[in-house]
Number of protein chains: 2
Amino acid sequence: MDQIARTTKDFGNVLRQARKAQNLTQAELGSRAGIWQRTISNIETSASGAKVDTIFDLLAALNLELHIVPRSKIKPADLEDIF
Amino acid sequence: MDQIARTTKDFGNVLRQARKAQNLTQAELGSRAGIWQRTISNIETSASGAKVDTIFDLLAALNLELHIVPRSKIKPADLEDIF
DNA sequence: TTGGTTTATGATCTAGGAAGCATACTGACA
DNA sequence: TGTCAGTATGCTTCCTAGATCATAAACCAA
């Protein structure tokens with residue numbers, strides 16, 4: 001379960017994971033965050049490059065926050081591709 | 001030096017810090033990331049809600065990545081306002 | 001305080017995100 | 001296999017970020 005994002009694709013995956021971990025449907029999360037189910041679907045599937053405001057609304061609704069940190073040499077999620 | 005962001009304002013501040021820590025001007029960072037100085041200024045001052053793609057371009061140019069984590073009860077940067 | 005560097009900001013134009021509503025698809029389950 | 005919850009997606013309208021060029025304002029050092 002990796003919560004590191006370097007691309008919008010990563011980000012969509014992490015958001016979906018987080019949402020499911022909290023047993024929320026896209027619609028539920030949407031009404032919490034004031035965002036449409038349509039939009040959440042787009043973000044999770046990286047069908048569009050979302051706006052940062054939208055992202056922060058989602059993160060708040062999921063009680064998450066962003067930490068901006070130096071890149072580690074290898075992204076943990078990629079380890080399994082190596083070993 | 002806090003690298004936690006919950007709002008676009010936080011985010012702008014963190015980005016500015018990170019850029020300065022690497023001794024880059026907005027223009028330099030811009031040419032690295034393929035983004036206009038104008039745009040970076042907007043983002044750092046949160047004059048506009050940027051797009052996620054733009055953010056990831058900037059983070060890559062600064063060799064940073066995002067970690068999505070549960071919110072801590074108190075944002076470290078706010079401690080100084082309390083004590 | 002002046003000259004040079006860095007950052008902020010005005011204006012226009014285009015591409016595309018989100019709202020809003022509806023519907024199609026998909027997987028699970030009785 | 002028919003139903004239903006959940007997710008994907010079509011479409012139009014509105015709004016705005018970013019590109020692009022230009023200039024003003026702020027900062028800093030000599």
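A note on names: the letters A, B, ... follow the listed sequences, proteins ahead of strands, and every chain is numbered from 1. Keep in mind the model is a prediction, meaning the values are calculated, not measured.
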**Q** Please list each protein N or O that sits under 3.5 Å from an N or O in nucleotides 10-12 of chain C, with the distance.
**A**
residue, atom, partner, partner atom, Å
dG10(C), N7, Arg38(B), NH1, 2.7
dG10(C), O6, Arg38(B), NH1, 2.7
dA11(C), N6, Arg38(B), NH1, 3.1

**Q** Would you tell me if any nitrogen or oxygen in the side chain of Trp36(A) comes within less than 4.0 Å of OP1 or OP2 on dA18(C)?
**A** no
**Q** Across the strands shown, which category fits Thr39(B) at heavy-atom distances under 4.0 angstrom: base, sugar-phosphate, nothing?
**A** sugar-phosphate
**Q** Is it true that the side chains of Ser31(A) and Gln37(A) contain a donor and an acceptor less than 3.5 Å apart?
**A** no
**Q** Name the residue closer to the 5' end of DNA chain C, choosing between Ile40(B) and Lys51(B) according to the nucleotide with the nearest heavy atom.
**A** Ile40(B)
**Q** Would you give the length of the straight line joining atom CG of Leu59(B) to atom CG of Leu15(B), rounded to the nearest 0.5 angstrom?
**A** 6.0 Å
**Q** DNA chain C: Asp53(B) or Ala27(B), which has the more 5' nearest nucleotide?
**A** Ala27(B)
**Q** DNA chain D: Gln37(B) or Thr54(B), which has the more 5' nearest nucleotide?
**A** Thr54(B)
**Q** Applying a 4.0 Å non-hydrogen cut-off, can you work out what Gly30(A) is touching in the nucleic acid: base, sugar-phosphate, or nothing?
**A** nothing
**Q** With side chain to side chain contact (heavy atoms under 4.5 Å, CB included) as the criterion, how do Asp10(B) and Phe56(A) come out once you've worked through the C-alpha distance, each side chain's angles and the decisive distance to 0.1 Å?
**A** CA-CA 11 Å; Asp10(B) 291 345; Phe56(A) 278 116; 6.0 Å; no
**Q** Charged N to carboxylate O below 4.0 Å: is that the case for Glu44(B) and Arg19(B)?
**A** yes
**Q** Working to the nearest 0.5 angstrom, can you tell me the gap between Gln3(B) CD and Leu66(B) CG?
**A** 11.5 Å
**Q** Whole-Å distance between dG27(C) P and Gln26(A) CD?
**A** 15 Å
**Q** Could you give the start and end, 5' to 3', of the contact zone on DNA chain D for chain B, using atoms under 4.0 Å from its heavy atoms?
**A** dA17(D) to dC21(D)
**Q** After noting the C-alpha distance and the side-chain angles of Gln22(A) and Leu62(A), does the key distance pass the side chain to side chain contact (heavy atoms under 4.5 Å, CB included) rule?
**A** CA-CA 8 Å; Gln22(A) 294 183 36; Leu62(A) 289 167; 3.9 Å; yes
**Q** Once you apply a heavy-atom cut-off of 4.0 Å, does Glu44(B) come out as touching a base, just sugar-phosphate, or nothing?
**A** nothing
**Q** Is the distance from OP1 or OP2 of dT6(C) to the nearest side-chain N or O of Arg19(B) less than 4.0 Å?
**A** no
**Q** For the pair made of CD1 in Ile35(B) and P in dT7(C), what is the distance, rounded to whole Å?
**A** 15 Å
**Q** Starting at atom CD1 of Ile43(A), determine the distance to atom P of dG17(C), rounded to an integer number of angstrom.
**A** 10 Å
**Q** Base, sugar-phosphate, or nothing for Ser41(B), non-hydrogen atoms under 4.0 angstrom?
**A** base
**Q** Any side-chain N or O of Ser48(A) under 4.0 Å from OP1/OP2 of dG16(C)?
**A** no
**Q** Between Thr54(A) and Ala50(A) (side chain of the first, backbone of the second, donor and acceptor by atom type, cut-off under 3.5 Å), is there such a pair?
**A** no
**Q** Please evaluate residues Ile55(B) and Ile43(B) with respect to the criterion side chain to side chain contact (heavy atoms under 4.5 Å, CB included), reporting the C-alpha separation (whole Å), side-chain torsions for both, the decisive distance (0.1 Å), and the verdict.
**A** CA-CA 9 Å; Ile55(B) 295 304; Ile43(B) 292 172; 4.2 Å; yes
**Q** Among Arg6(A), Arg71(A), His67(A), which residue meets the side-chain hydrogen bond (donor to acceptor under 3.5 Å, both in side chains) test with Glu65(B)?
**A** Arg6(A)
